[in-house]
Novice: 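Please see the structure below; I have some questions.
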Protein chains: 2
Amino acid sequence: MILKHSKQRDAIKGFLMTRKDHPTADVVYSHVRKEFPNISLGTVYRNLTLLSDIGEILRIRVGDGIDHFDATVEPHYHFVCTKCNGVSDLNLDSLNQINEFADASFDGHIAGHVTYFYGTCPDCTKKTLS
Amino acid sequence: MILKHSKQRDAIKGFLMTRKDHPTADVVYSHVRKEFPNISLGTVYRNLTLLSDIGEILRIRVGDGIDHFDATVEPHYHFVCTKCNGVSDLNLDSLNQINEFADASFDGHIAGHVTYFYGTCPDCTKKTLS
DNA sequence: ATTTATATCAGTAATGATTTCTAATATTAT
DNA sequence: ATAATATTAGAAATCATTACTGATATAAAT
């Protein structure tokens, strides 16, 4: 199916690009609504799904049962704060060697892995100390 | 709240212990129903949640949006087959060193990681070849 | 510019997994 | 036995997400 240009899709992608905290569909919705008061949550979901299908954004699942979205599509790892539940990026080299490590003792074929780290984010660490 | 014994809970835990494929609540439900025809899905969910809260089983999220459950609580890694969607265990040493690796370039504190591997399981690998 | 074709939209309804509610039942202690 | 209460079955509610529908916007063809 051929894509047609859409202002709503532009706004969704544009908003995501301004954010480093991997917002949920609901957060995207509430912000894009400032520019498009009549936009529907269904449109937000449809475009987030479309954009991730064509590889322009990432859909991230970090165990809270809610999908998060990320405009940075280059492979990278994520961090989830167990205090504020925030999601952020980690500046970390690829851990692809763990695929071979796992493959060594496995009878099938390992193509990749999904990893996220958890703990206390910089902000919550500061708050704990003060 | 003090726990009381329950035949339904026993059956749920007992069924889970016979399985290595990390069934979903729905699968647990359909099997336990053979012994307790009137058991409700809510009871299955409540007990699976209770058992994982007290650490007798694990609740596993592998990105398909459905919770899987595992009677093996010792830390171990999981594998998801991208062909049959089956979930299985991996016999793999802990990768805890990646926590320190990630911590090195991170301003907060990393307490742990969640990882699962994906690819083709032994069965599907065999079928592809034949 | 008009017309045509169709992708996208807003709004709403439907879905699927999971949780919560309620009155009845089962379990444990007294 | 009796009392106290955790647990149950069944149904309803919730939450995130997807699908449906007729109207609208976009891009291409005339």
Side-chain angles (χ1 to χ4, degrees), chain A residues 1-16 21-70 80 85-87, chain B residues 1-16 21-70 80 85-87:
Chain A
M1 199 196 298
I2 293 160
L3 279 193
K4 265 178 190 169
H5 185 247
S6 137
K7 292 165 185 167
Q8 289 89 339
R9 185 154 59 237
D10 283 352
I12 289 164
K13 173 102 185 272
F15 170 69
L16 258 192
D21 64 344
H22 314 79
T24 61
D26 218 60
V27 172
V28 174
Y29 175 56
S30 65
H31 279 82
V32 174
R33 216 135 79 107
K34 292 169 187 166
E35 190 181 350
F36 293 89
N38 291 327
I39 198 170
S40 76
L41 186 55
T43 295
V44 172
Y45 269 106
R46 184 166 19 79
N47 279 296
L48 287 172
T49 300
L50 172 59
L51 288 167
S52 65
D53 283 350
I54 64 178
E56 291 199 23
I57 66 173
L58 288 183
R59 181 186 292 251
I60 301 165
R61 291 182 164 150
V62 286
D64 62 357
I66 310 172
D67 291 354
H68 295 249
F69 297 88
D70 186 350
V80 182
N85 296 314
V87 183
Chain B
M1 198 197 299
I2 293 158
L3 279 192
K4 264 179 190 171
H5 187 246
S6 138
K7 292 166 185 167
Q8 289 90 336
R9 185 154 59 235
D10 283 353
I12 290 165
K13 171 102 185 271
F15 169 71
L16 215 50
D21 64 345
H22 315 78
T24 61
D26 218 60
V27 172
V28 174
Y29 175 57
S30 66
H31 279 84
V32 174
R33 217 135 78 108
K34 292 170 186 165
E35 191 182 349
F36 294 89
N38 291 328
I39 198 171
S40 76
L41 187 54
T43 296
V44 172
Y45 269 106
R46 183 167 18 79
N47 279 296
L48 288 171
T49 299
L50 172 60
L51 288 167
S52 65
D53 282 351
I54 64 178
E56 291 200 22
I57 67 173
L58 288 183
R59 180 186 292 248
I60 300 165
R61 292 181 164 154
V62 286
D64 62 356
I66 310 171
D67 291 355
H68 295 250
F69 297 89
D70 186 349
V80 182
N85 296 314
V87 182

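The chains referred to below are lettered A, B, ... by the order of the sequence lines, with proteins before strands, and numbering in each begins at 1. All heavy atoms count here, side chains included; hydrogens, waters and symmetry mates do not. What you see is a predicted model, and the numbers here were worked out from it, not measured in a lab.
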Novice: How is A:Asn47 classified with respect to the nucleic acid when contacts are heavy atoms under 4.0 Å: base, sugar-phosphate, or nothing?
Specialist: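 Here A:Asn47 touches the backbone only, sparing every base.
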Novice: To the nearest angstrom, how far is A:Arg33 atom CZ from C:dA10 atom P?
Specialist: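 That distance rounds to 11 Å.
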Novice: In whole Å, I'd like the distance from the CG atom of B:Leu50 to the C1' atom of C:dT20.
Specialist: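 B:Leu50 atom CG is separated from C:dT20 atom C1' by 15 Å.
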Novice: Specify the separation, in whole Å, of atom OH of A:Tyr45 and atom P of C:dT15.
Specialist: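 Between P of C:dT15 and OH of A:Tyr45: 18 Å.
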Novice: Taking atom C1' of C:dT25 as reference, at what distance in whole Å does atom CG of B:Asn38 sit?
Specialist: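 B:Asn38 atom CG is separated from C:dT25 atom C1' by 13 Å.
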Novice: Using the closest heavy atom to pick a nucleotide of DNA chain D for each, name whichever of B:Lys4 or B:Phe36 lands nearer the 5' end.
Specialist: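 Looking at DNA chain D, the more 5' nearest nucleotide goes with B:Lys4.
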Novice: Let me spell it out: for each of B:His5 and B:Thr43, pick the nucleotide of DNA chain C with the closest heavy atom. Which residue's pick is nearer the 5' end?
Specialist: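 By nearest-heavy-atom nucleotide position, the 5'-most residue is B:Thr43.
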Novice: Identify whether any heavy atom of B:Arg46 sits under 4.0 Å from a base atom; if not, whether one sits that close to sugar-phosphate; answer base, sugar-phosphate or nothing.
Specialist: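 The residue B:Arg46 makes base contact.
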Novice: May I ask you to decide if B:Asn47's main-chain N or O and B:Arg9's side chain share a donor-acceptor pair within less than 3.5 Å?
Specialist: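 Not a single qualifying donor-acceptor pair exists.
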Novice: Could you tell me whether A:Ile2 contacts a base, only the sugar-phosphate backbone, or nothing, with contacts defined as non-hydrogen atoms closer than 4.0 Å?
Specialist: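 Contact class for A:Ile2: sugar-phosphate only.
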Novice: Which whole-number value in Å describes the distance from A:Leu41 CG to D:dC15 C1'?
Specialist: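 These atoms are roughly 11 Å apart.
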Novice: Give the rounded distance in Å between these two atoms: CG of B:Asp53 and C1' of D:dT7.
Specialist: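 The answer, rounded to whole Å, is 16 Å.
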Novice: Side chains of A:Arg46 and A:Thr43 only: does a donor on one sit below 3.5 Å from an acceptor on the other?
Specialist: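 Looking only at side-chain atoms, A:Thr43 and A:Arg46 do form a donor-acceptor pair, the distance falling under 3.5 Å.
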Novice: Could you check how far CG of A:Asp67 sits from P of D:dA16, rounded to whole Å?
Specialist: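 For the pair A:Asp67 CG and D:dA16 P, the rounded distance is 11 Å.
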Novice: Heavy atoms only, 4.0 Å cut-off, all strands: where does A:Ile39 land among base, sugar-phosphate and nothing?
Specialist: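 Sugar-phosphate: the residue A:Ile39, judged by heavy atoms under 4.0 Å, touches backbone atoms but no base.
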Novice: If we ignore angles and hydrogens, is there a donor and acceptor under 3.5 Å between the side chains of B:His5 and B:Asp10?
Specialist: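 Yes, side-chain donor-acceptor contact under 3.5 Å.
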Novice: For C:dT27 and B:Ser6 - does any side-chain N or O of the residue sit under 4.0 Å from the phosphate oxygens OP1/OP2?
Specialist: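 So the side-chain polar atoms of B:Ser6 never come under 4.0 Å of the phosphate oxygens OP1 or OP2 of C:dT27.
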Novice: To the nearest Å, how far apart are B:Gln8 CD and D:dA9 C1'?
Specialist: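 These atoms are roughly 9 Å apart.
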Novice: Begin with the C-alpha distance, continue with both residues' side-chain angles, and end with the deciding distance and a verdict on side-chain contact (heavy atoms from CB on, under 4.5 Å) for A:Arg59 and A:Phe69.
Specialist: CA-CA 5 Å; A:Arg59 181 186 292 251; A:Phe69 297 88; 3.9 Å; yes
Novice: Assign B:Thr49 to base, sugar-phosphate, or nothing according to its heavy-atom contacts below 4.0 angstrom with the strands shown.
Specialist: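 The answer is sugar-phosphate, as B:Thr49 gets under 4.0 Å only of primed atoms, P, OP1 or OP2.
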Novice: Heavy-atom distance under 4.5 Å between the side chains of B:Lys13 and B:Glu56, does that happen here?
Specialist: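 They are in contact (side-chain heavy atoms under 4.5 Å apart), so the answer is yes.
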